[in-house]
2 protein chains.
Amino acid sequence: MAPLGTQTVPARARHTVTSEAVLDAALTLFAVRGYHGTAVSQVAETLGIRTPSLYNHMRSKRELLETIIERTLDGVEADFEEAVRGVSDPVERLRRATRIYALRQATHRREALVVNRDTRSLEEPALSTLQARRRNQEHALRAVIVDGIRSGAFTVESPELASFAIREMCVSIARWFRADGARSAEQVADEYSAFALQIVGASRG
Amino acid sequence: MAPLGTQTVPARARHTVTSEAVLDAALTLFAVRGYHGTAVSQVAETLGIRTPSLYNHMRSKRELLETIIERTLDGVEADFEEAVRGVSDPVERLRRATRIYALRQATHRREALVVNRDTRSLEEPALSTLQARRRNQEHALRAVIVDGIRSGAFTVESPELASFAIREMCVSIARWFRADGARSAEQVADEYSAFALQIVGASRG
DNA sequence: CCTACCGATCGGTAGG
DNA sequence: CCTACCGATCGGTAGG
């Protein structure tokens, strides 16, 4: 996996730790080592403080994971709504929805990795709530495909399989994308949205 | 995620634990909870024995993960070689390679989940060795795509992006597939291999 | 296969 | 923000 820019906090920051800084440090560590593979003491070490001091800025390790995943799902949802708002052509709706989703995987790699790998590490009641939100987002993409099939724009047999395939191929971007690599996030997002249209059998556009 | 058939060991098996049974129990638990989320004591409990007794059948927790991943990569490699052996047409090579890979994700869900999620939890020297093997497998698929582009059979711009997308969309099958679901593993594998051909811009077949 | 037990580390609290 | 410390659990060993 490409490097994720682990936090190295400047000395002066040691006296200005905030709850946002704790979340950011946790995000980097969870993305690299996984939730269960990360110790709270490592988060503290990243920030240059002792473990007990962390608890002035957070309630628990599990709350960190919940907040990270919740915020990420908020962002994905907002992205989707904005991307398809006012667009009625199914081809264009799918292109835009896939493009923005793929783009997010490249620009928010840590979040993508954590959501994908550790959502199941949540505990109730957050587990049910957030899993349901992920399902709803998947169903929203599927609905776009169903619309396209009804209108004759898409020819794919199973919208369910197609939407799974499209989502997961996008998620994988977070595993290899590098901001300093050969392709920009936008270029990758464009290519992946073209893949999506091909998967559903849209006329080549 | 669909249920993974957690081991419930019959009472009479309690006296016939083997190293294979330990691996199988660990495989189920790692797939559900992740490597770091699984305690060795849970493996023992699944088998109906005490934790120290496990060590008559294994050397360490990390060796369990190494063996699981190593064997899975062996299987993937053998599958690929067999699928493309003697086939020269790039379209058919890609179809077969994708089909057998997709099929494996459906029929070996636990293995797929563990390799995908926990390869990075390995420690050296296994980490480097097994990551290199995964990379080689990815390159083998990419080479099929490159051949198809050279011969004019495929039109995709980037074989790198296409092979990533194809691999990852297949891996996701392990997350939702159910043997008692609406589609058989073979049907899913056929649909996904069609998706792969569409991604690379092969003539619809 | 077991009981008994090891040092290390876990997430988190008390109290200042 | 810290030191001191908590009970629980971790992977693993000794010895039978």
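Letters A, B, ... mirror the listed sequences (proteins, then strands); counts begin at 1.
B:F164 has its side chain out of reach of A:F177: every pair of non-hydrogen atoms, C-beta onward, lies at least 4.5 Å apart. Taking 4.5 Å as the limit, every side-chain heavy atom of B:E20 sits out of range of all side-chain heavy atoms of B:H57.
B:V84 meets the side-chain contact (heavy atoms from CB on, under 4.5 Å) test with B:F80, B:R93, B:A97; sequence neighbours excluded. With sequence neighbours left out, A:F30 forms a ring-ring contact (aromatic ring centres under 6.0 Å, His included) with A:Y35. Every residue was checked against the side-chain hydrogen bond (donor to acceptor under 3.5 Å, both in side chains) condition with A:N116, not counting sequence neighbours, and none meets it. Shown here are the ring-ring contact (aromatic ring centres under 6.0 Å, His included) partners of A:F154, two or more places apart in sequence or in another chain: there are none.
Between A:N56 atom CG and C:dT13 atom C1' the separation is 12 Å, expressed in whole Å. Here the P atom of nucleotide C:dC10 and the CG atom of A:L29 are 12 Å apart, to the nearest Å. In this structure, A:L64 atom CG and C:dG11 atom P are separated by 11 Å, rounded to whole Å. Atom CE in B:M58 sits roughly 6 Å away from atom P in D:dG12 (whole-Å rounding). In this structure, CD of B:Q42 is placed 11 Å from C1' of D:dT9, rounded to the nearest angstrom. Rounded to an integer number of Å, the gap from A:E45 CD to D:dC1 C1' is 17 Å. Rounded to an integer number of Å, the gap from A:K61 NZ to C:dG11 C1' is 8 Å. Rounded to whole angstrom, the span from the NE2 atom of B:H57 across to the C1' atom of D:dT13 amounts to 16 Å.
Residue B:S41 has a polar side-chain atom (N or O) positioned under 4.0 Å from OP1 or OP2 of D:dC10.
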When you compare the protein's N or O atoms with those of nucleotides 3-7 of chain D, which come within less than 3.5 Å of each other, and at what distance?
{"residue": "D:dT3", "atom": "OP2", "partner": "A:R50", "partner atom": "NE", "Å": "3.4"}

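Across the interface with DNA chain C, nearest-nucleotide mapping of A:A39 and A:R59 shows A:A39 to be the residue nearer the 5′ end.
Distance from the side chain of B:Y55 is smallest for D:dG12 among the nucleotides D:dC10, C:dC1, D:dG12. Among the nucleotides D:dG11, C:dC1, D:dC1, the one closest to the side chain of B:V40 is D:dG11.
Donor-acceptor pairing under 3.5 Å is lacking for the side chains of B:Q131 and B:T119. Neither side chain, B:R33 nor B:T38, offers a donor N or O lying under 3.5 Å from an acceptor on the other.
At a threshold of 4.0 angstrom between heavy atoms, the contacts of B:H36 with the nucleic acid are absent.
In DNA chain D, the stems built from three or more successive Watson-Crick or G-U pairs (distances below 3.5 Å) are C:1-16 with D:1-16.
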### Query
Would B:R183 and A:E160 count as a salt bridge (charged side-chain N to carboxylate O under 4.0 Å, His left out) if you check the C-alpha gap in whole Å, the side-chain angles of each, and the deciding distance to 0.1 Å?
CA-CA 11 Å; B:R183 291 173 201 78; A:E160 192 185 2; 3.5 Å; yes
